[in-house]
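Only one structure is covered here, and it is reproduced in the block below.
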Amino acid sequence: MNYSLVIVESPTKVATIQKILGPNFVVASTRGHFADLPEKKGAVDIEHGFAVQYRLTEKGAKTIADLRQQLAGASELIIATDADREGEMIGHLAVEFLQPTVPVKRVRFNAVTADAINEAMAHPTVIDENLVLAARSRRVIDHIYGFHLSPELWRTVRPGLSAGRVQSPALHMVVKREKERMAFVVSEYHGIDMVLAGDPAVTAALRSIDGAEVAASRHFDSTGGLKPGVVALDAQQADDLVMCLDGAPVSVLSVEPKAYRRRAPFPYITSSMLQDAAGRLRLGSKATQSALQSLFEAGHITYPRTDSPHMAPQAVAAARAVAIEMFGEQNVPANARHPKAKKSNAQEAHEALRPTNMSKRTVSGVGTNAKRVYEMIWRRTIASQMIDATGTTTTVSFAVHAEGAGEQCVFTASGTVIDVPGFRLVWAPQTEEEPPMPVFTVGQSCPAGTFTAIAHATKPPARYTEGTLIKALEDDGIGRPSTYASTMQSLRLRYVWSKKGDSALIPTVSAFAVDQVMQVCFAELIDHRFTNQMEDRLDEVVAGDLGYEALLAAFWSAGDGTWTPLEKLIVNGKTLFDPKRTPVLSFGVHPTLGDEVVLRAGRAYKSRGRTVGRPYLACGKKTVSIADDTEMDQLTPEVAFARLLESREPRVLGEHGGIPWRSCAASTART
DNA sequence: CAGTGAGCGAGCTTCCGCTTGACTT
C-alpha cells in the first residue's frame with residue numbers, strides 16, 4: 001500500500017479528481033472548514049498579540065478522524081484545497097490537526113479538468129504562510145467586530161441583536177434607502193401622449209411647448225424641486241391643450257438615428273446568478289443557492305460559489321461549437337471571448353458558473369427550480385460566446401400646431417430596429433427595448449393624431465430586494481459567494497421583512513434603531529468602503545509588507561490614519577451612546593400637543609416568559625406603541641401626530657344599556 | 001388583551017466563511 005493522500009474541500013469533487021489521478025492517489029475532502037474560533041468574546045486574546053486557538057467543530061472532529069485514518073497508510077500528503085485565502089487556511093489547519101509524518105505538498109488548480117489537475121500536480125509548492133496570516137487576520141477582525149459591537153446593541157436597543165462587518169453595512173444600505181423614501185417628495189404632473197395610427201402605431205410623448213421643455217419624471221428632484229426652465233402641466237392645462245391639439249396638423253420635424261449596441265453578457269458568477277434568478281424567476285437567494293447545489297451535485301454545472309467569470313479554454317470552445325451549430329458562424333465572433341473579473345479583490349479560485357456539458361440544453365431528475373435555473377445558466381453561457389447585438393435606435397420628433405392656442409408643440413417617439421440579434425437569439429435582455437419605428441422623413445406630414453392627457457407622479461427610489469442588495473454588496477466588495485444567501489437570511493431573522501408575495505426588503509423599526517447606534521458610534525465600520533480598506537491591508541499581509549499583529553493593532557488600538565481604533569470607541573466595554581437622550585428619529589413639534597414627537601426603540605424585556613416591549617412614539621408624557629414591522633416610509637410626521645391624538649380618546653369597547661363602555665385610557669388620560 | 005415605558009437583577013444573546021446533510025413541514 002503506497003499512495004498519496006490528496007485533500008480537497010468539496011466531497012462532490014472527490015470522484016472526478018480520483019478518476020483523473022488514478023489508483024496511486026486517494027482523494028478525500030474536508031467538507032469546508034472543520035475548525036474555527038470559539039463562539040465567545042474572549043476567543044481572541046487581545047492582550048497577547050491577538051493570539052487565537054482554532055478548535056475542531058463537532059462535524060470537523062469526525063472529518064479529521066477520517067482523514068487521519070486515510071493518512072496512516074499514505075506516503076505523502078497533498079493539500080489541494082481551493083486556490084484562495086480560505087483554501088490556504090483550510091490546508092494549513094489540515095496540517096496542524098493531522099500532524100503528518102510524511103512529506104507535505106501544496107497544489108493549486110482552479111478547474112476540475114485533467115489538464116488543470118495534471119499541470120498543478122507537476123508543479124507542487126508549499127503552504128503560503130502569509131496567505132494563512134491574511135486569512136487569520138480576516139477571521140479575527142470579523143470576530144472582534146461581531147463580538148464587541150453586538151453587546152452595544154444589547155445595551156442600547158435590545159438583547160440578542162447582532163452587528164457584523166457584512167451585515168451592518170448591508171443593513172445600513174437598506175435603512176438609508178428607506179430614509180430616502182421617507183424624505184422623498186412625490187411630484188404630480190401631467191403629460192400628453194399622441195398616438196399616430198399606422199402599422200405599427202406610434203406613441204409619442206409631449207416634449208416641449210413653444211420651445212419650453214415639458215416636465216417629465218427626470219426633471220424633478222427628490223424634494224419635489226423642478227429643473228429651472230421646465231414647465232409642469234397641471235390637469236386643467238393638459239386637458240385644455242388636448243382640446244386645442246385635437247385635429248391639428250402633424251409634421252415630422254426631425255429623424256435622428258443612433259447606433260444601438262448591447263454587449264454579450266459575461267457568464268454567470270454567484271452574485272449575478274442570484275440577482276438574475278431573483279429578477280427573472282422571482283426566486284429568493286436561498287432557493288436559488290439550493291437549486292444550484294443540487295445541479296452541482298448531479299454533475300450538471302461547475303462549482304456554484306464563484307466570483308470569477310473565467311471559463312476553461314475547453315469550455316469556451318464547447319460553448320462556441322454549440323453556438324455555431326445552433327445559430328451559425330455569423331453569430332459567433334472570430335476570436336473567442338475570455339471574460340475576466342472586473343473586481344480587483346476577486347479570489348478567482350473557481351471558474352464561471354456554467355454547464356459541464358454545453359450540448360445539454362435542459363436537464364432532468366432535478367427539481368423545478370433547478371431545471372429553470374439550469375436553462376438560464378445554459379443560455380447565458382452560450383450567449384457569452386456570441387456576438388454583440390447591434391441595430392439602430394431612431395428618435396423622431398413631430399411638430400403639432402395647436403389651433404387657437406398659437407402654440408407649437410413637439411412630440412417625440414423612439415424605436416429600435418435590431419439588425420444583428422447576436423447573443424439575443426439565445427438570451428433576451430430582461431427589459432425589452434421600444435418597438436420598431438416606422439420610417440419617417442423630415443418634413444413629411446402625418447395623419448392627425450389622437451391626444452390623451454396622462455397623469456404622472458414621481459416615484460421614490462425603490463427598496464432593495466435580495467437580488468439588488470446582493471448586487472450592491474458585490475459592487476462594494478462586501479461578502480463572499482458562499483455567504484450572500486446566508487447574509488440575507490440573517491438580515492431577515494432580525495432586521496428586514498417582506499410583504500407576502502413581494503420581494504422588497506423593508507427594514508423594521510428596530511433596524512432603524514440599530515443603524516442609528518452604528519452610525520453614531522461606528523460610522524467608519526458601516527461605511528461601504530470598510531471591507532475594501534481591510535482587503536487592501538490583507539493584500540499587504542500576503543505580500544509580506546504588513547504583519548498580523550500590526551494589522552490587528554491598527555484595527556483595535558493603534559489606528560493607522562484611516563481607521564480610528566475600536567478601543568477608543570468602546571471604553572470599558574461601552575460607547576457613550578445613551579438611548580434615553582437620543583431618540584431614533586424626531587418628527588418635529590406636535591402642532592396641538594406642543595411637544596417634540598420622537599420615535600424610541602422600546603427596550604424589550606421578558607415578562608412571564610413572554611417578550612414584551614415594542615417601539616413607541618413619545619410626545620412629552622404621552623406615548624403610543626407602534627409595530628416593529630411598521631413601514632417607516634408611511635410614518636410621515638402627519639401620521640405620527642395623528643397616532644398620538646387617536647389614543648388620547650379612549651376606545652369604545654361596547655355598549656351597555658345605552659352607555660358606551662370605554663377602555664381604561666378614559667380614566668388615565670388627562671383632560 | 002391592550003397599553004405601558006420606573007427600576008432592579010438574573011441569565012442570555014453575537015461574527016464571517018468554507019462545506020453538506022440531517023433535520024422538520
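A note on names: the letters A, B, ... follow the listed sequences, proteins ahead of strands, and every chain is numbered from 1.
- Taking only side-chain atoms of A/R165, from C-beta outward, the nucleotide of B/dC18, B/dT14, B/dC16 with the closest atom is B/dC16.
- If you measure from atom NE2 of A/H33 to atom P of B/dC15, you get 17 Å, rounded to the nearest angstrom.
- Counting only N and O atoms by type, the side chains of A/T302 and A/E351 include no donor and acceptor under 3.5 Å apart.
- For A/E9, counting side-chain heavy atoms from C-beta on, the closest listed nucleotide (B/dC15, B/dG17, B/dC18) is B/dC18.
- Using a 4.0 Å heavy-atom cutoff across all strands shown, A/P151 reaches at least one base atom of the nucleic acid.
- Residue contacts for A/Y484: at a heavy-atom cut-off of 4.0 Å it reaches no nucleic acid atom on any strand shown.
- Within the structure, a side-chain polar atom (N or O) of A/R31 is placed less than 4.0 Å from OP1 or OP2 of B/dG21.
- Using a 4.0 Å heavy-atom cutoff across all strands shown, A/Y145 reaches no nucleic acid atom at all.
- For A/L493, the CG atom sits in a packed shell: over 12 heavy atoms of surrounding residues, nucleotides or ligands are nearer than 6.0 Å.
- Rounding to whole angstrom units, CD of residue A/E646 and C1' of B/dA2 are separated by 14 Å.
- Residue A/S10 is classed as a sugar-phosphate contact, given heavy-atom separations below 4.0 Å to backbone atoms only.
- Out of B/dT14, B/dG5, B/dC15, the shortest distance to the side chain of A/R139 is found at B/dC15.
- Counting any heavy atom pair closer than 4.0 Å across all strands shown, A/G32 reaches a base atom.
- Side-chain proximity of A/E39 to the nucleotides B/dT13, B/dC15, B/dT20 is greatest for B/dC15.
- For A/R480 against B/dC18, a side-chain-to-base donor-acceptor contact under 3.5 Å is absent.
- The phosphate of B/dG17 (OP1 or OP2) has no side-chain N or O of A/S482 nearer than 4.0 angstrom.
- For the residue pair A/Q533 and A/W563, a side-chain donor N or O sits within less than 3.5 Å of a side-chain acceptor on the partner.
- If you check every strand for non-hydrogen atoms under 4.0 Å, A/D36 touches a base.
- Comparing A/E297 and A/A35 by the nucleotide of DNA chain B that holds the closest heavy atom to each, the one mapping nearer the 5' end is A/A35.
- Within 4.0 Å (heavy atoms only), A/R600 reaches no atom of the nucleic acid at all.
- One atom, CG of A/L617, and another, C1' of B/dT4, lie 14 Å apart when rounded to the nearest Å.
- For A/V166, the listed nucleotide lying nearest its side chain is B/dG17; candidates were B/dT20, B/dC15, B/dG17.
- You can call A/W154 stacked on the base of B/dT13; the centres are under 5.5 Å apart and the planes sit within 30°.
- A/A618 comes within contact range of no nucleotide atom at all, as no heavy-atom separation falls under 4.0 Å.
- Judged purely by distance below 3.5 Å, without hydrogens or angles, the side chains of A/E297 and A/Q293 pair a donor atom with an acceptor atom.
- For A/Y495 and B/dC15, the OH to C1' distance is 12 Å, given to the nearest whole Å.
- Inspection of the A/R494 and A/S162 side chains reveals an N or O donor paired with an N or O acceptor under 3.5 Å.
- Checking B/dG21, B/dG5, B/dG17 against every side-chain atom of A/T483, the shortest atom distance belongs to B/dG17.
- Using a 30° and 60° split on the angle between ring planes, A/Y374 and A/H300 fall in the perpendicular class, above 60°.
- The residue A/I141 sits apart from the nucleic acid: no heavy atom pair falls under 4.0 Å.
- Whole-Å rounding puts the A/R158 CZ to B/dG5 P distance at 17 Å.
- For the pair A/L153 CG and B/dT14 P, the computed distance is 12 Å after rounding to whole Å.
- Distance from the side chain of A/E86 is smallest for B/dC18 among the nucleotides B/dG21, B/dC18, B/dC16.
- As judged by a 4.0 angstrom heavy-atom cut-off over every strand, A/S625 is placed among the base-contacting residues.
- Atoms OH (A/Y54) and P (B/dC18) sit 12 Å apart, rounded to a whole Å.
- A donor-acceptor distance shorter than 3.5 angstrom exists from the side chain of A/D527 to the backbone of A/R529, with no hydrogens or angles considered.
- Counting distance only, with no hydrogens placed and no angle test, the side-chain atoms of A/K40 and the base atoms of B/dT14 include no donor-acceptor pair under 3.5 Å.
- Contact annotation: A/R494 reaches the phosphate of B/dT14 (side-chain N/O to OP1 or OP2, under 4.0 Å).
- Partner of A/E86 under the side-chain hydrogen bond (donor to acceptor under 3.5 Å, both in side chains) criterion, out of A/R139, A/R480, A/R138: A/R138 alone.
- Checking B/dG5, B/dC15, B/dT20 against the side-chain heavy atoms of A/T12 singles out B/dT20 as nearest.
- The residue among A/Q293 and A/P38 whose nearest nucleotide of DNA chain B is located toward the 5' end is A/P38.
- Remark: P of B/dT20 and CG of A/L295 are 14 Å apart, rounded to the nearest angstrom.
- Residue A/G479 is classed as a sugar-phosphate contact, given heavy-atom separations below 4.0 Å to backbone atoms only.
- You'll find that the side chain of A/D82 is closest to B/dC18, out of B/dT20, B/dC16, B/dC18.
- Residue contacts for A/R155: at a heavy-atom cut-off of 4.0 Å it reaches no nucleic acid atom on any strand shown.
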